[in-house]
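Predicted, not measured: the structure shown is a model, and the values here were computed from it.
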Amino acid sequence: MESIALNAPGGDLSIWSLFWEAGWVVKLVMIGLLGASIWSWAIIVDKLVSYARMRMALNRFEQVFWSGQSLEELYRSLSERKTTGMGSIFVAAMREWKKSFEKGARSPHGLQMRIDKAMDLALAREMERLEGRLGFLASIGSAAPFIGLFGTVVGIMTSFQAIAGSKSTNLAVVAPGIAEALLATAIGLLAAIPAVIGYNKLTSDAGKIGARMEGFADEFSAILSRQIDEKVAPRNQG
């Protein structure tokens with residue numbers, strides 16, 4: 001009896017058939033979830049590539065910074081082009097350093113605070129850029145299963161309406177609605193699972209990159225602090 005029902009008209013349970021025969025509400029749910037899944041994958045791939053590039057840029061900058069090249073030379077080379085990561089933090093600190101000395105900095109404590117503030121702002125901008133669009137992954141990861149569940153409820157309601165209309169519990173009557181309900185649930189999970197995994201992975205990677213940049217900012221702040229003591233303090237004593 002099951003084989004007869006499945007081969008009967010309206011008993012095709014292929015994915016394409018289920019989609020085209022679904023009600024407009026379930027179709028909208030499926031299309032929305034598929035679009036969200038595609039966009040989630042696009043964000044995940046883009047972030048993985050950009051994070052890999054950022055790590056390589058951090059490695060290159062650290063090699064140059066600790067190679068013994070003078071800070072002035074490094075600043076001149078970096079200030080002429082767009083910088084990211086540690087380079088952006090370095091340029092922000094050196095720019096404040098040079099502006100303060102051009103105006104005749106008198107207070108070592110005030111100069112140190114301004115430099116630290118400039119580096120904090122540069123670090124915040126870099127972290128905002130690193131973590132951009134991750135919130136979308138978190139939203140999809142939490143909302144997609146419930147959106148799919150909404151499609152499931154609508155599909156089950158369609159099945160009960162079909163049963164009531166035909167006054168039959170034949171599998172050919174019940175199966176399409178139940179199948180489209182399960183398909184909506186499956187698409188919801190298809191969108192949610194990669195989004196949650198991607199969000200956790202990318203958030204961890206962004207945190208590690210941020211920690212590296214924050215560590216550099218602390219080290220560079222200590223270097224500039226020593227130079228401030230050497231240049232500003234003797235001037236004030238004189």
Side-chain angles (χ1 to χ4, degrees), residues 29-67 74-75 78 81-96 112-113 115-152 184-225:
V29 169
M30 293 180 182
I31 292 172
L33 290 172
L34 285 173
S37 179
I38 292 171
W39 185 239
S40 296
W41 276 107
I43 292 174
I44 291 170
V45 172
D46 177 69
K47 288 295 183 181
L48 289 174
V49 173
S50 64
Y51 287 1
R53 290 176 178 172
M54 176 65 79
R55 282 189 288 267
M56 288 189 291
L58 296 182
N59 293 335
R60 287 195 300 267
F61 178 84
E62 286 181 328
Q63 290 177 355
V64 174
F65 182 81
W66 298 110
S67 65
L74 182 58
Y75 173 70
L78 292 178
R81 61 178 187 267
K82 184 178 179 181
T83 57
T84 58
M86 292 179 184
S88 179
I89 297 171
F90 171 81
V91 169
M94 288 297 294
R95 185 179 293 118
E96 182 59 39
Q112 185 69 51
M113 287 185 62
I115 291 174
D116 289 343
K117 186 66 174 178
M119 288 194 292
D120 289 341
L121 291 173
L123 177 60
R125 285 194 294 268
E126 291 301 311
M127 290 305 300
E128 182 179 359
R129 189 170 64 85
L130 281 174
E131 296 174 349
R133 295 181 295 170
L134 292 185
F136 178 82
L137 295 181
S139 299
I140 292 301
S142 60
F146 296 101
I147 297 173
L149 182 61
F150 171 74
T152 300
T185 302
I187 295 176
L189 295 175
L190 179 68
I193 293 173
V196 171
I197 296 174
Y199 174 78
N200 292 334
K201 163 68 175 171
L202 295 174
T203 300
S204 175
D205 289 350
K208 293 176 182 177
I209 294 173
R212 285 186 64 181
M213 292 190 294
E214 187 175 357
F216 166 76
D218 292 339
E219 288 181 312
F220 191 44
S221 177
I223 293 172
L224 292 180
S225 178

ring-ring contact (aromatic ring centres under 6.0 Å, His included): pairs with one or both residues in residues 204-224, sequence neighbours excluded: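 For residues 204-224: F61-F216, F65-F216, F65-F220, F90-F220, F216-F220.
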Rounded to the nearest 0.5 Å, how far apart are [atom1] of [X] and [atom2] of [Y]?
X    : Y    : atom1 : atom2 : result
L130 : R125 : CG    : CZ    : 13.5 Å
S225 : D116 : OG    : CG    : 8.5 Å
L123 : D218 : CG    : CG    : 9.0 Å
I43  : I140 : CD1   : CD1   : 8.5 Å
I115 : M94  : CD1   : CE    : 8.5 Å

Return the minimal non-hydrogen interatomic distance between [X] and [Y], and the atom names on each side.
X    : Y    : value
E96  : A118 : CB-CB, 4.3 Å
L78  : T83  : O-CG2, 3.4 Å
A122 : I89  : CB-CA, 3.9 Å
M54  : G85  : SD-CA, 4.0 Å

Identify all side-chain donor-acceptor contacts of residues 208-215 below 3.5 Å with residues at least two apart in sequence or on another chain.
residue: R212; atom: NH1; partner: N59; partner atom: OD1; Å: 3.3
residue: R212; atom: NH2; partner: N59; partner atom: OD1; Å: 3.0
residue: R212; atom: NH2; partner: E62; partner atom: OE1; Å: 2.8

Residue pair [X] / [Y], side-chain heavy-atom distance below 4.5 Å:
X    : Y    : answer
Q112 : S221 : yes
V196 : L137 : no
L33  : M30  : no

Set of residues satisfying side-chain contact (heavy atoms from CB on, under 4.5 Å) with respect to A192, sequence neighbours excluded: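 For A192, the residues satisfying side-chain contact (heavy atoms from CB on, under 4.5 Å) (neighbours in sequence not counted) are A144, P145.
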Counterpart residues, side-chain contact (heavy atoms from CB on, under 4.5 Å), relative to I197 (two or more places apart):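 side-chain contact (heavy atoms from CB on, under 4.5 Å) list for I197, sorted by chain: I193.
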List for me each residue that meets side chain to side chain donor-acceptor pair (under 3.5 Å) alongside [X], sequence neighbours excluded, and say none if there are none.
X    : answer
R129 : E126
S142 : none
T84  : none
T185 : T152

Selection residues 30-53 - residue pairs positive for side-chain hydrogen bond (donor to acceptor under 3.5 Å, both in side chains), sequence neighbours left out: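 Counting only pairs at least two positions apart or across chains, the side-chain hydrogen bond (donor to acceptor under 3.5 Å, both in side chains) contacts touching residues 30-53 are D46-R133.
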Pair listing, side-chain hydrogen bond (donor to acceptor under 3.5 Å, both in side chains) test, anchored in residues 188-206, at least two apart: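 Qualifying pairs, neighbours excluded: K201-D205.
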